[in-house]
Amino acid sequence: MRSARLNILPALVLLALASSPASAEPQRFEIDPEHFSIAFMVDHLGYENLLGQFLEGEGTFVYDRETQTLVSAEVTIRSDSVFTNLDARDEHLRGRDFLDADEHPRIHFVATDFEPSSPTTGTLNGELTLLGRTEPVTLDVTLNQDAVYPLGHGQPTLGLSIRGALDRSDWGMDYGVDNGMVGDHVTLIFELEAVQRETLSR
């Protein structure tokens with residue numbers, strides 16, 4: 001009986017190695033700048049949730065579809081690309097009361113880990129650097145599509161919807177919070193298409 005058990009061990013070891021993440025092949029993806037929507041909503045005096053956007057951003061990530069393992073991810077947004085459809089308000093947002101775009105021209109996000117909850121959903125944790133301060137953020141990710149793109153470049157492409165929220169005062173952006181003029185809580189909305197560029201070996 002003992003001999004039979006010992007004979008089974010090599011097979012079990014080989015099976016474990018075959019199913020381990022070490023055998024995975026992650027791919028590098030690049031966010032298509034023409035299909036990258038970066039939006040936010042914030043309360044204004046209790047009358048409305050103002051909807052705004054950042055018009056310029058870029059990002060890449062390394063991800064393994066088979067194991068749903070995120071190896072790395074990074075997104076950079078230009079602070080001065082903020083747009084709310086009113087020039088005077090946009091200039092105010094670029095100034096020292098809010099984004100201070102001259103001193104801090106980039107908003108930077110780096111992923112720390114990804115926790116899948118189903119084949120198409122998961123939680124993305126990371127660190128957001130804004131106004132020179134870095135704080136943690138958590139985002140909900142939904143995979144809408146994973147297929148060869150039917151137009152143009154014709155490359156394998158992921159379509160993603162990402163949602164989250166933050167309190168801007170955590171980064172020292174507290175203008176209008178105490179008097180209720182501008183809400184502290186900001187809803188984040190990202191819609192994007194990410195094009196597969198290469199397969200990487202571990």
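- Using a 4.5 Å heavy-atom threshold, the side chains of Val182 and Asp43 count as separate.
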Query raised in the report: Could you walk me through whether Val75 and Phe61 pass the side chain to side chain contact (heavy atoms under 4.5 Å, CB included) check?
Result: CA-CA 9 Å; Val75 172; Phe61 58 91; over 6 Å; no
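- Here the straight-line distance linking atom CG of Leu93 with atom CG of Leu50 works out to 8.0 Å at 0.5 Å rounding.
- Listed for the Thr129 side chain is no donor-acceptor partner under 3.5 Å among the backbone atoms of Gly132.
- For Arg96, the CZ atom counts as loosely surrounded, since its 6.0 Å shell holds 12 or fewer non-hydrogen atoms of other residues, nucleotides or ligands.
- Counting heavy atoms from C-beta on, the side chains of Val148 and Thr157 never come closer than 4.5 Å.
- Atom CH2 in Trp171 sits 9.5 Å away from atom CZ in Arg133 (nearest 0.5 Å).
- Side-chain atoms of Arg163 do not come within 3.5 Å of backbone N or O of Asp140 as any donor-acceptor pair.
- Asp90 and Thr84 share a donor-acceptor pair across their side chains, judged by distance under 3.5 Å alone.
- Interatomic distance, Asp170 CG to Asp184 CG, rounded to the nearest 0.5 Å: 7.0 Å.
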Query raised in the report: Passes side chain to side chain contact (heavy atoms under 4.5 Å, CB included), Ile38 versus Gln53? Steps please.
Result: CA-CA 6 Å; Ile38 309 162; Gln53 291 181 275; over 6 Å; no
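- By the 6.0 Å contact criterion, CG on Asp87 is open, its count of non-hydrogen atoms from other residues, nucleotides or ligands being 12 or less.
- A donor-acceptor pair shorter than 3.5 Å cannot be found between the side chains of Glu127 and Thr134.
- The ring of His92 has its center closer than 6.0 angstrom to the ring center of Tyr175.
- Of all heavy-atom pairs between Asp80 and Arg94, the closest is O-NE, 2.8 Å.
- Between Asn125 and Glu115 the shortest side-chain heavy-atom distance falls below 4.5 Å.
- The cluster map of Ile, Leu, Val, Met, Phe, Trp and Tyr, joined by side-chain heavy atoms under 4.5 Å apart, puts Val82 and Met181 in the same cluster.
- A heavy-atom distance below 4.5 Å is not found between the side chains of Thr112 and Leu124.
- Other residues, nucleotides and ligands place more than 12 heavy atoms under 6.0 Å from the CD atom of Glu48.
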Query - Intermediate values then yes/no, side-chain hydrogen bond (donor to acceptor under 3.5 Å, both in side chains), Glu30 and Thr60 - result: CA-CA 4 Å; Glu30 182 178 305; Thr60 60; over 6 Å; no
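- Judged by distance alone, the side chains of Glu74 and His108 do bring a donor and an acceptor atom under 3.5 Å apart.
- Looking at heavy atoms from C-beta onward, Val141 lies in side-chain contact with Leu160 at the 4.5 angstrom threshold.
- Residues Ile107 and Thr76 are not in side-chain contact: their nearest non-hydrogen atoms beyond the backbone lie 4.5 Å or more apart.
- Looking at Arg65, Gln27, Arg28 one by one, the single match for side chain to side chain donor-acceptor pair (under 3.5 Å) with Gln196 turns out to be Arg65.
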Requested in this report: Just do the side chain to side chain contact (heavy atoms under 4.5 Å, CB included) check on Val42 and Thr187 with the steps written out, would you?
Outcome: CA-CA 7 Å; Val42 62; Thr187 299; over 6 Å; no
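- A distance of 11.0 Å separates CZ in Phe29 from CD in Gln155, rounded to the nearest 0.5 Å.
- Taking CD from Gln68 and OG from Ser117, the interatomic distance works out to 8.5 Å, rounded to the nearest 0.5 Å.
- Between the side chain of Asp167 and the backbone N or O of Ser169, no donor-acceptor pair lies under 3.5 Å.
- At least one donor-acceptor pair closer than 3.5 Å links the side chain of Asp64 to the backbone N or O of Glu25.
- Linking Ile, Leu, Val, Met, Phe, Trp and Tyr residues whenever their side-chain heavy atoms come within less than 4.5 Å leaves Phe98 and Met41 in two separate clusters.
- You'll find the side chain of Leu99 reaches within 4.5 Å of the side chain of Met173, heavy atoms only.
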Report task. Applying side chain to side chain contact (heavy atoms under 4.5 Å, CB included), run through Thr121 and Leu143 and close with a yes or a no. Result -> CA-CA 6 Å; Thr121 60; Leu143 173 65; over 6 Å; no
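- The aromatic rings of Tyr149 and His153 lie parallel to each other, with less than 30° between the two planes, well short of the 60° mark.
- The same ILVMFWY cluster, assembled from side-chain heavy atoms under 4.5 Å apart, contains both Leu131 and Ile77.
- Here the OG-CD distance, from Ser79 to Glu103, works out to 11.5 Å after rounding to the nearest 0.5 Å.
- Side-chain contact between Leu166 and Arg168 is present, with heavy atoms from C-beta onward closer than 4.5 Å.
- Each of Leu128, Ile162, Leu139 was checked for a side chain to side chain contact (heavy atoms under 4.5 Å, CB included) with Leu188, and the lone residue meeting it is Leu139.
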